[in-house]
Amino acid sequence: RSDEPALTDPRGTRRDRQTLIQNTLSTDLTYKQDTWSLTPRYAVTLNRTEGGERSLVHALGADGTLDILDRNTLAAGYELTVGEFEVANDFVGHSGRLAFSRQLNSLTTASLGGSASHRDVQDAGDVNIYRGDIGLRRDVSPLYSVEARVGYGVTDAGGGSRGEVEYSLKGTYTGNVVRLTGTSGQSFQETFLERENVGVTRTRESALELRYDLSDRLALTLRGRLAENQFLQQDREDILLDGGIEVGYKLTRLLSLSLGYTFTRRDSNLRGFDYDNNRVRLGLTATYE
């Protein structure tokens, strides 16, 4: 039960705040041999808002991997998703994916991937998304790691065929007391399973996070994010700006206390969708080992 925007409104599309009650049951069974593995899985999620809106989502899928000559891995997967909503349109979704990766050396891994998704949206027509990409991950040193994926995506959301370059970049520096992580990406994103179903968006996002350990017990974290959402099935564009700070203090080996502040601003080309949000969080966490 939460009104945390990261859970209830991950793309910041809503104008109001709602408390979401979510119950999820998931299971998977992995069968693994020396050179291959197979994992069938199933999940059912029931969402309910305090206003009484309900949704039920079933997800059934399977993932498989095959190791080829020690340094190569072939992976494939399929997922069937069925969503029933009181407010949004019901839909049935099919997704298939295929990927090949090769470990070039102990520090570098290269990969190729592709996927196809079909969404049958009730009373709103079908939506298809196709994408393919290449990727490279390298641990430059014990302190630095970089990961990049570049590809191309095509969708018919909004009528006609639209293609965009898709990419994701991630760099991490891990020192003795400082950890810095930067990410940037652009891709097509779906909102069919979210309470505010706005179809498919072209999302461009960059984020930066800095964690500084002031002592063994005290840590300071700074976060910033800039995102742009273009709604392919609406005449709408939003820009989101997030910034936040969090202080964490370890009370004991099992208990930790956190205090944080986040500011969010959304600017939209449509009247009535702009807002500023100030959020203060106080948390107590118990960890059992």
Side-chain angles (χ1 to χ4, degrees), residues 6-11 13 20 22-33 36-48 54-67 73-101 111-135 147 149 151-158 161-164 166-168 185-203 205 232-233:
L7 173 67
T8 62
D9 188 23
R11 260 169 289 279
T13 58
L20 177 70
Q22 183 177 86
N23 294 276
T24 299
L25 173 66
S26 62
T27 180
D28 61 75
L29 177 65
T30 300
Y31 183 76
K32 189 171 184 179
Q33 294 293 307
W36 62 275
S37 69
L38 180 64
T39 305
R41 50 189 170 77
Y42 171 74
V44 56
T45 300
L46 174 64
N47 292 320
R48 180 170 60 86
R54 291 175 177 267
S55 67
L56 182 66
V57 179
H58 301 270
L60 176 66
D63 297 299
T65 64
L66 175 64
D67 296 332
T73 300
L74 182 66
Y78 168 78
E79 184 173 87
L80 168 67
T81 307
V82 179
E84 301 175 1
F85 304 88
E86 285 191 354
V87 177
N89 296 325
D90 297 345
F91 91 106
V92 177
H94 304 268
S95 294
R97 52 194 175 275
L98 186 66
F100 175 80
S101 63
S111 62
L112 293 170
S115 66
S117 300
H118 174 76
R119 305 311 195 204
D120 183 5
V121 186
Q122 184 179 14
D123 300 327
D126 297 347
V127 174
N128 297 289
I129 301 176
Y130 308 96
R131 49 169 52 104
D133 58 36
I134 59 175
E147 185 174 353
R149 303 197 67 84
Y152 197 75
V154 178
T155 182
D156 55 7
S161 179
R162 176 182 181 132
E164 293 279 355
E166 296 188 320
Y167 65 88
S168 64
Q186 175 177 291
S187 63
F188 292 122
Q189 299 288 328
E190 304 175 36
T191 64
F192 300 116
L193 293 179
E194 298 173 14
R195 178 173 173 262
E196 187 78 1
N197 178 7
V198 291
V200 179
T201 68
R202 195 285 306 270
T203 298
E205 181 175 290
L232 302 187
Q233 292 160 284

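For the residue pair Q189 / T191, no side-chain donor-acceptor distance below 3.5 Å is found, with atom types taken as modelled. Using modelled atom types, one finds no donor on one side chain facing an acceptor on the other under 3.5 Å when comparing T155 with R202. T24 and S26 form no side-chain donor-acceptor contact under 3.5 Å, judged by distance and modelled atom types alone.
Looking only at distances, no side-chain donor or acceptor of R131 sits under 3.5 Å from a matching main-chain atom of S187. Not a single donor-acceptor pair under 3.5 Å links the side chain of Q233 to the backbone N or O of A157.
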Step by step, would you call T81 with S95 a side-chain contact (heavy atoms from CB on, under 4.5 Å)? CA-CA 8 Å; T81 307; S95 294; over 6 Å; no
Using the rule given for side-chain contact (heavy atoms from CB on, under 4.5 Å), can you reason through R119 versus V200, listing the C-alpha separation, both sets of side-chain angles and the distance that settles it, and then say yes or no? CA-CA 11 Å; R119 305 311 195 204; V200 179; over 6 Å; no
Mind running side-chain contact (heavy atoms from CB on, under 4.5 Å) on V92 and L80 for me, showing each step along the way? CA-CA 7 Å; V92 177; L80 168 67; 3.9 Å; yes
T39/L29 under side-chain contact (heavy atoms from CB on, under 4.5 Å): CA gap, chis, key distance, verdict: CA-CA 5 Å; T39 305; L29 177 65; over 6 Å; no
Step-by-step salt bridge (Lys or Arg N to Asp or Glu O under 4.0 Å) determination, R97 to E79: CA-CA 9 Å; R97 52 194 175 275; E79 184 173 87; 5.2 Å; no
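Residues V127 and F192 meet the side-chain proximity criterion, which asks for heavy atoms closer than 4.5 Å. Annotation: side chain of L74 is in contact with side chain of L98 (closest heavy-atom distance under 4.5 Å).
Atom CZ in R48 sits 13.5 Å away from atom CG in L56 (nearest 0.5 Å). Rounded to the nearest 0.5 Å, atoms CD (Q33) and CG (L38) are 11.0 Å apart. One finds the CH2 atom of W36 at 9.5 Å from the CG atom of L66 (value rounded to the nearest 0.5 Å). Rounded to the nearest 0.5 angstrom, S111 OG and D133 CG are separated by 7.0 Å. The line from OG1 of T203 to CD of E166 is 10.0 Å long, rounded to the nearest 0.5 Å. Within the model, atoms CD of E84 and CG of L46 stand 11.0 Å from one another, a figure rounded to the nearest 0.5 Å.
Of the options T45, N47, L193, a side chain to side chain contact (heavy atoms under 4.5 Å, CB included) to S55 is made by N47 and by none of the others.
Across all non-hydrogen atoms, the minimal contact from R41 to Y78 is NH2-O, 4.2 Å. Smallest separation of non-hydrogen atoms from T65 and S37: OG1-OG, 2.6 Å.
Scored by the salt bridge (Lys or Arg N to Asp or Glu O under 4.0 Å) test, R54 finds no partners at all (sequence neighbours excluded).
Other residues, nucleotides and ligands contribute only 12 or fewer heavy atoms inside 6.0 Å of the CD1 atom of I134.
Ring pair F91/F85 is parallel by interplanar angle, where below 30° counts as parallel and above 60° as perpendicular.
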